[in-house]
Amino acid sequence: MSVAPGLQPESWHLLSLLEQAPGLQALGDTLADLADEGHPVVVGTADLKYSNGLVRFQERHPEKYLQFGISEQHMVSTAAGLATTGLRPYVATFASFMALLACEQIRTDVAYTRQPVRLIGHHAGITLGFYGTSHHATEDLAVTRSIAGLTVVAPADTAALAAVLRASVDLPGPVYFRIGRGRDPDVYPAGTTLEIGKAVEHGTGSDLTLIATGSMVHPALGAAAALTADGYDVGVLDMHTVKPLDEEAVLRAARRSRLLMTVEEHNVLGGLGGAVAEVISEHGVPVRLHRHGIRDEYSLIGPPTHLYGHYRLNAAGVEAEAREALRTASR
C-alpha cells in the first residue's frame with residue numbers, strides 16, 4: 001500500500017488514528033470482505049482514506065479503490081456512472097460535504113436515475129466539533145429523506161454499520177449512510193444482522209418510548225435505564241432506517257406509550273422527529289411527541305464531548321430532557 005511519508009501502515013500515527021475510531025475500521029474492513037466474497041464493490045473517497053478507514057480497503061483491493069481528491073461532487077457523479085456498468089460503488093466523505101455540497105448530484109445523477117450508489121456520510125452531526133459550521137452536518141437527514149427513491153440509514157455502532165453495509169449490497173436504488181466518527185460505544189455484538197426498514201425494539205414502555213437513531217441510540221439506552229431504575233416504564237426504538245421509516249413500530253409505540261420522544265444528533269426540524277410526527281398525525285394517534293435534538297440553530301464550536309453536554313445529547317442530557325417532557329405530558 002502506498003501511503004504518505006510518516007503514515008506507513010504500521011506507523012504509530014496511523015495505528016493510533018484507527019484505534020481511536022474502531023467503527024471506521026469496520027467500514028473499510030466490511031467493504032473489503034464484501035469484495036472478497038465476490039460482490040461487485042468499488043470504493044471511492046474524497047481525500048479522506050485515513051479519516052474514514054478506507055485505507056484498509058485500499059490495502060486489500062487497490063484495483064477497486066478510487067481516490068477523487070477534494071472533489072465530492074465529481075465523486076458522486078462518477079459513482080452514478082460506475083453503477084450503470086453493474087458495479088456497486090460505495091463512496092465516502094464528511095456528511096456535510098456528501099449531503100449538502102453534493103446534494104444536486106445525489107438528486108439528479110444518482111436518485112433520479114435510480115442507480116445503486118451507496119453514499120457514506122461520515123463524521124455526521126456535531127462530531128467534527130472544532131471544525132465548525134462548514135463541517136457540521138445537522139441538516140443532512142432532512143435533505144436526504146426529501147430526495148425521492150433514496151434510502152436513509154443511520155447505524156448505532158460498529159456492528160450495526162457492518163450489518164447495514166451487508167444488507168445494502170443487493171438493495172435496489174441508492175442509499176445514504178449517516179455515520180459518526182467511529183467512536184460510538186457498542187450497542188450490538190459483532191455479527192449482528194439488521195433489516196433495512198425494520199426498527200430494533202429494546203424493551204417497551206407505557207410511560208415513554210425513546211425513538212433514537214445513529215449515535216443517539218446508546219445515550220437513549222442509558223437514559224432509559226436510569227428512568228427505569230426510578231420507576232418509569234420506558235422502552236427504546238433504534239430507528240436505524242430513517243427512510244423508509246418503520247411506521248408499524250412507531251404506531252405500536254404510540255398506542256402503548258403516553259409519550260414519544262425522538263432523539264437525534266440533528267436539527268429537530270425535518271429529521272427523525274419530523275418523520276415520526278408525520279406518521280402519528282397521518283394515522284390520528286393521540287399521543288404526545290417531544291422532539292429532542294438541536295433546536296433549529298447552527299451548533300456551537302468546541303470539543304464534541306462538550307457539545308453533546310451542551311445540547312443534552314449524552315445519556316445524562318437525554319435523561320434530563322425526558323424527565324422534563326414526562327412532567328409536561330402529565331399535566
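Atom set for the values below is all heavy atoms of this structure, side chains included, hydrogens, waters and symmetry mates excluded.
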request  = Assess whether side chain to side chain contact (heavy atoms under 4.5 Å, CB included) is satisfied between Val117 and Val76, documenting all intermediate values.
outcome  = CA-CA 8 Å; Val117 175; Val76 171; 5.7 Å; no
query = If you take all heavy atoms of Ile280 and Ala254, which pair is closest and at what distance?
reply = CG2-CB, 4.0 Å
query = Taking Asp246 for the side chain and Ala199 for the main chain, is one N or O donor matched with an acceptor at less than 3.5 Å?
reply = yes
Side chain to side chain donor-acceptor pair (under 3.5 Å) evaluation trace for Tyr308 with Glu265 = CA-CA 9 Å; Tyr308 290 137; Glu265 188 180 342; 3.0 Å; yes
ask   = Distance-only, no hydrogens or angles: does the Ser257 side chain make a donor-acceptor pair with backbone N or O of Gly205 under 3.5 Å?
value = yes
ask   = Is Val41 close to Lys64 at the side-chain level, that is, under 4.5 Å between some pair of heavy atoms?
value = no
ask   = So with a 6.0 Å cut-off around CZ of Arg107, is the heavy-atom count from everything else above 12?
value = no
key: Residues that Tyr298 engages under side chain to side chain contact (heavy atoms under 4.5 Å, CB included), provided they are two or more places apart   = Thr133, Glu139
key: Side chains of Pro155 and Ile179 in contact at under 4.5 Å (non-hydrogen atoms)   = yes
ask   = So, for Arg291 and Val268, which heavy atoms are closest and what is the spacing to 0.1 Å?
value = NH1-O, 3.2 Å
Set of residues satisfying side-chain hydrogen bond (donor to acceptor under 3.5 Å, both in side chains) with respect to Arg60, sequence neighbours excluded = Asp33, Asp36
query = Quick one: ring-ring contact (aromatic ring centres under 6.0 Å, His included) pairs with a partner in residues 193-221, sequence neighbours left out?
reply = Tyr188-His202
inquiry  = Looking at Arg56 and Asp29, would you say the former's side chain and the latter's main chain have a donor-acceptor pair under 3.5 Å?
reply    = no
ask   = Would you say Val200 and Leu165 are hydrophobically clustered, going by side-chain heavy atoms of ILVMFWY under 4.5 Å?
value = yes
request  = Determine yes or no for a side-chain-to-main-chain donor-acceptor pair under 3.5 angstrom, with Gln67 supplying the side chain and Gly69 the backbone.
outcome  = yes
query = Under 3.5 Å, side chain of Thr113 to main-chain N/O of Val110, donor-acceptor pair present?
reply = yes
key: Side chain Thr84, main chain Gly81, donor-acceptor under 3.5 Å   = yes
request  = Answer yes if the side chains of Tyr131 and Ser96 hold a donor-acceptor pair under 3.5 Å, and no otherwise.
outcome  = no
request  = Please lay out, stage by stage, how Arg258 and Asp207 fare under the test side chain to side chain contact (heavy atoms under 4.5 Å, CB included).
outcome  = CA-CA 5 Å; Arg258 63 187 177 95; Asp207 291 317; 3.3 Å; yes
ask   = How long is the gap from CZ on Arg288 to CG on Leu259, to the nearest 0.5 Å?
value = 7.5 Å
query = Where do Thr151 and Leu171 land on the side chain to side chain contact (heavy atoms under 4.5 Å, CB included) test, with the steps shown first?
reply = CA-CA 9 Å; Thr151 296; Leu171 194 73; 4.2 Å; yes
message = If you take the centroid of each ring, where Trp contributes its six-membered ring, are His135 and Phe97 closer together than 6.0 Å?
response = yes
task = Could I get the full list of side-chain hydrogen bond (donor to acceptor under 3.5 Å, both in side chains) partners for Asp140, not counting sequence neighbours?
result = Tyr176, Arg178
key: Identified side chain to side chain donor-acceptor pair (under 3.5 Å) partner of Glu324 from the options His290, Arg312, His292   = Arg312
note = In short, Pro89 meets Pro116 closest at the heavy-atom pair CD-O, 3.8 Å
Ion pair check, Arg145 and Glu264, cut-off under 4.0 Å = no
inquiry  = Please check if the number of heavy atoms outside His39 that lie under 6.0 Å from its NE2 is greater than 12.
reply    = yes
ask   = Do you know which two heavy atoms are closest between Ile147 and Ile106, and how far apart they sit?
value = CD1-CG2, 4.0 Å
message = Check whether His61 reaches the backbone of Phe57 with its side chain - one donor and one acceptor, N or O, closer than 3.5 Å.
response = no
inquiry  = Check for me, please, whether Leu221 and Met216 land in the same ILVMFWY cluster - side-chain distances under 4.5 Å, paths through other members count.
reply    = yes
message = Applying side-chain hydrogen bond (donor to acceptor under 3.5 Å, both in side chains), can you list everything that pairs with Ser206, at least two apart in sequence or on another chain?
response = Asp233
key: Donor-acceptor contact present, side-chain Thr241 to main-chain Ile196, <3.5 Å   = no
query = Quick one: does Leu161's side chain get under 4.5 Å of Thr30's, heavy atoms only?
reply = no
note = For Leu208 and Leu260 the tightest heavy-atom approach is CD1-C, 4.4 Å
ask   = Taking C-beta and beyond as the side chain, do Val91 and Met98 meet within less than 4.5 Å on heavy atoms?
value = yes
request  = Could you grab the distance from atom OG1 of Thr213 to atom CG of Leu141, nearest 0.5 Å is fine?
outcome  = 6.5 Å
message = I need the single residue from Thr127, Leu128, Leu101 that forms a side-chain contact (heavy atoms from CB on, under 4.5 Å) with Phe94. Which is it?
response = Leu128
task = Check for a donor-acceptor pair, side chain of Asp157 on one end and backbone N or O of Val187 on the other, with a separation under 3.5 Å.
result = yes
ask   = Does Leu289 belong to the same Ile/Leu/Val/Met/Phe/Trp/Tyr cluster as Met261, with side-chain heavy atoms less than 4.5 Å apart forming each link?
value = no
Sub-4.5 Å side-chain heavy-atom contact between Arg183 and Pro304 = no
key: Test item: Leu150 and Leu119 side chains (from C-beta on) under 4.5 Å apart, heavy atoms   = yes
ask   = Rounded to the nearest 0.5 Å, how far apart are CG of Leu245 and NZ of Lys198?
value = 11.0 Å
message = Tell me if the CD atom of Glu278 is crowded by more than 12 foreign heavy atoms within 6.0 Å.
response = yes
query = With the 4.5 Å side-chain cut-off for hydrophobic clustering, are Val285 and Met239 part of the same group?
reply = yes
key: Atom pair CD1/CG of Ile294 and Leu300 - distance to nearest 0.5 Å   = 9.0 Å
Heavy-atom pair of closest approach, residues Arg323 and Asp230 = NH1-OD2, 2.8 Å
ask   = Honestly curious: do Val42 and Tyr90 fall in one hydrophobic cluster under the side-chain, below-4.5 Å linking rule?
value = no
query = Can you tell me how far CG of Leu31 sits from CZ of Arg166, rounded to the nearest 0.5 angstrom?
reply = 9.5 Å
Separation between CG of Asp47 and CD1 of Ile70, rounded to the nearest 0.5 Å = 5.0 Å
message = Is any side-chain heavy atom of Val43 closer than 4.5 Å to one of Leu66?
response = no
inquiry  = Quick one, Arg88 with Arg118, criterion side chain to side chain contact (heavy atoms under 4.5 Å, CB included). Give me CA distance, side-chain angles, the key distance, then yes/no.
reply    = CA-CA 7 Å; Arg88 286 289 184 274; Arg118 282 62 175 113; 4.1 Å; yes
inquiry  = Any non-hydrogen side-chain atom of Thr78 less than 4.5 Å from a side-chain atom of Met75?
reply    = no
Contacts of type side-chain hydrogen bond (donor to acceptor under 3.5 Å, both in side chains), residue His123, not counting sequence neighbours = none
